[in-house]
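FYI, the numbering just counts along the sequence from 1.
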Amino acid sequence: MAETKREIERKYESDESGLPDLTGVAGVAAVLDKGVADLDATYYDTADQRLAANSMTLRRRTGGTDAGWHLKFPVAPGVRDEIQAPLSDTLPRTLAGLVRSRVREAGLLPVIRLRSARDIRHLVDADGTLLAEVSVDAVHAERLSGGAGAAQWTEIEVELADGGDPAFLDKVEKRLRKAGVRPSKSSSKLSRALKETGAGKDGRKRGERKKARPPAPVTTGDHVLAYLRAQRDAIVRLDPAVRQDAHDSVHSMRVATRRMRSAFRSYGKVLDRTVTDPIGEELKWLAAELGAGRDQEVLTERLTTLLGEIPRPLVTGPVRTRLRTWSHARRSGSRRRMIAVLDGGRYLTLLDTLDALLADPPLLKAAGAAPEKAIARTVDKDFKALAALVDRALDLPAGQDRDLALHEARKKAKRTRYAAEAATPALGEPAAALTKSMKSLQGLLGEHQDSVMSREALRDLARQAHAAGESAFTYGLLYGREEQRATRAETDLPVMWAAIGRQRDG
């Protein structure tokens, strides 16, 4: 079973290769000698080092107190999430899944072997509580693929104790700097080993100049591609979080797919839609798969909250039990199916297709235009289409036709919001303001649509209860409250829409 640990550490270099006295650090009552541990780690990556390119490390290590497989994801400078799995001869399936969005179908092979003699010290307070572990590592690195180089060095590593205050590391660093110790130029042992034994993580040989960063967006095409690239990166980055069932990860990944698909459609004069439309259909498929369990989860939470708001005497029959049973039956297997989708060939092919599109985009003539006018026209076009849908919905009487019209307006508001998001770097505050107002409109129309879906679910639950000989009174009461929510949303819509119109006119 894999476990996740937040690792907060700093690395240092010293010409003397020794550890200065740390008993003078504020809060440190004693420095305990914990002996020397011999560590032997083999790091794995693809032949083109895709994990290293994403600042990720995957290793199998023996020795020390945490022998096993370790996968590290960057969180912030000096902060990584380490996922640990028990020692085994082959890569555990859990960890293999967590790197799949990066490695795709490429094989993982051993690239670096690091053998370290780790001299360990524990910094403890007056109660003997561990504050940080400090080690002096004598490292020998050996390249296992892509060359036959070797290197060795000594470094100091300071790792904060679990639950410790990161500010304590500043106090330790202050003492180290006074002793002539300086922060390491490499973020990890692996990155240093790659640089000093042959090619770096981007494939450069030692001494070769680093490639320049891509220029800032200039044309309309540059801005659109930057937005699309950000969504592709979000999908890939969120894949491991979805597999781990991290909070809001499924929703965030689904939003990234929608943003990209929406940009394809809004900016159809920038990118050839004969190329992007089929990709958009695959993104639609992925969003649907991601939403299969999420939509049911949101609906269940809404009904549960609504049920909790009514007085207990008005809850007649086993309403809570029926709601749980109904929800479980509709969600059964959804998570297993989601993981199967992420492991499947169709999803991995989609990721490869997105990479290929961004590497060689099918740009049209309008892509070379100045963004101030071309992008503004696109946003205006989406907004006018939204205005027509909102006006049509407001002209309809309350009922199913209006519900459908408001749902269409909600989808168009979302598309306009994403078009404005993509436009913000080029257009500035006007696009940012439109993004904000579209988010508010989307929220109001989303509340209305949630009410529609809740009432449909309540009718289903009432039918089941009636067929089982149970009272349907409570379901009817909840249905009435959801009708009131929808009515409030419909009442608020003209006011909000008028305010958005004034903002656009101003």
For [Y], is there any backbone N or O sitting under 3.5 Å from a side-chain donor or acceptor partner on [X]?
{"X": "Arg102", "Y": "Val236", "answer": "yes"}
{"X": "Thr46", "Y": "Arg50", "answer": "yes"}
{"X": "Asn54", "Y": "Met56", "answer": "no"}
{"X": "Thr42", "Y": "Pro110", "answer": "no"}
{"X": "Tyr267", "Y": "Ala419", "answer": "yes"}
{"X": "Ser249", "Y": "Asp245", "answer": "no"}
{"X": "Ser186", "Y": "Ser188", "answer": "no"}
{"X": "Asp45", "Y": "Ala52", "answer": "yes"}
{"X": "Ser327", "Y": "Leu323", "answer": "no"}

Would you mind reporting whether [Y] and [X] have side-chain heavy atoms less than 4.5 Å apart?
{"X": "Leu58", "Y": "Leu91", "result": "yes"}
{"X": "Leu441", "Y": "Leu493", "result": "yes"}
{"X": "His70", "Y": "Ile83", "result": "no"}
{"X": "Leu364", "Y": "Leu271", "result": "no"}
{"X": "Asp233", "Y": "Arg229", "result": "yes"}
{"X": "Arg60", "Y": "Asp89", "result": "yes"}
{"X": "Ile112", "Y": "Arg143", "result": "yes"}

Would you call [X]-[Y] a salt bridge at under 4.0 Å N-O?
{"X": "Asp277", "Y": "Arg273", "answer": "yes"}
{"X": "Asp295", "Y": "Arg254", "answer": "yes"}
{"X": "Lys5", "Y": "Glu159", "answer": "yes"}

Between [Y] and [X], do the side chains contain a donor N or O and an acceptor N or O under 3.5 Å apart?
{"X": "Asp382", "Y": "Ser266", "result": "yes"}
{"X": "Arg455", "Y": "Tyr479", "result": "no"}
{"X": "Ser451", "Y": "Glu447", "result": "no"}
{"X": "Gln442", "Y": "Arg410", "result": "no"}
{"X": "Ser454", "Y": "Glu482", "result": "yes"}
{"X": "Glu82", "Y": "Gln84", "result": "yes"}
{"X": "Thr219", "Y": "Asp222", "result": "yes"}

Just grab all the ring pair (Phe, Tyr, Trp, His ring centres under 6.0 Å) pairs involving residues 361-418, residues at least two apart or on different chains.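 Non-adjacent pairs meeting ring pair (Phe, Tyr, Trp, His ring centres under 6.0 Å): Phe383-Trp497.
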
Holding to ring-ring contact (aromatic ring centres under 6.0 Å, His included), I want the full list of residues that pass it with Phe264, two or more places apart in sequence or in another chain.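 With neighbours one apart ignored, the set is empty.
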
With sequence neighbours left out, what residues match Tyr44 under ring-ring contact (aromatic ring centres under 6.0 Å, His included)?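 Tyr44 satisfies ring-ring contact (aromatic ring centres under 6.0 Å, His included) with Trp69 once adjacent residues are dropped.
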
Apply side chain to side chain contact (heavy atoms under 4.5 Å, CB included) to residues Glu490 and Leu406 and explain how you reach the verdict. CA-CA 9 Å; Glu490 292 179 28; Leu406 289 173; 4.0 Å; yes

To the nearest 0.5 Å, what is the distance between [atom1] on [X] and [atom2] on [Y]?
{"X": "Thr316", "Y": "Tyr475", "atom1": "OG1", "atom2": "OH", "value": "8.0 Å"}
{"X": "Leu160", "Y": "Glu9", "atom1": "CG", "atom2": "CD", "value": "10.5 Å"}
{"X": "Arg104", "Y": "Asp355", "atom1": "CZ", "atom2": "CG", "value": "4.5 Å"}
{"X": "Leu290", "Y": "Arg337", "atom1": "CG", "atom2": "CZ", "value": "11.0 Å"}

Trace of the side chain to side chain contact (heavy atoms under 4.5 Å, CB included) decision for Arg417 with Arg259: CA-CA 9 Å; Arg417 172 189 171 187; Arg259 281 175 167 149; 4.0 Å; yes

Side chain to side chain contact (heavy atoms under 4.5 Å, CB included) between Lys439 and Lys414, intermediate numbers included: CA-CA 7 Å; Lys439 184 177 180 180; Lys414 191 181 301 183; over 6 Å; no

Which is it for Leu307 and Thr305 under the side chain to side chain contact (heavy atoms under 4.5 Å, CB included) test, yes or no, and what are the steps along the way? CA-CA 5 Å; Leu307 181 60; Thr305 300; over 6 Å; no

Please report the shortest heavy-atom distance between Leu342 and Arg243, naming the atom on each side.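 Looking at all heavy atoms of both residues, the shortest contact is O-NH2, 3.0 Å.
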
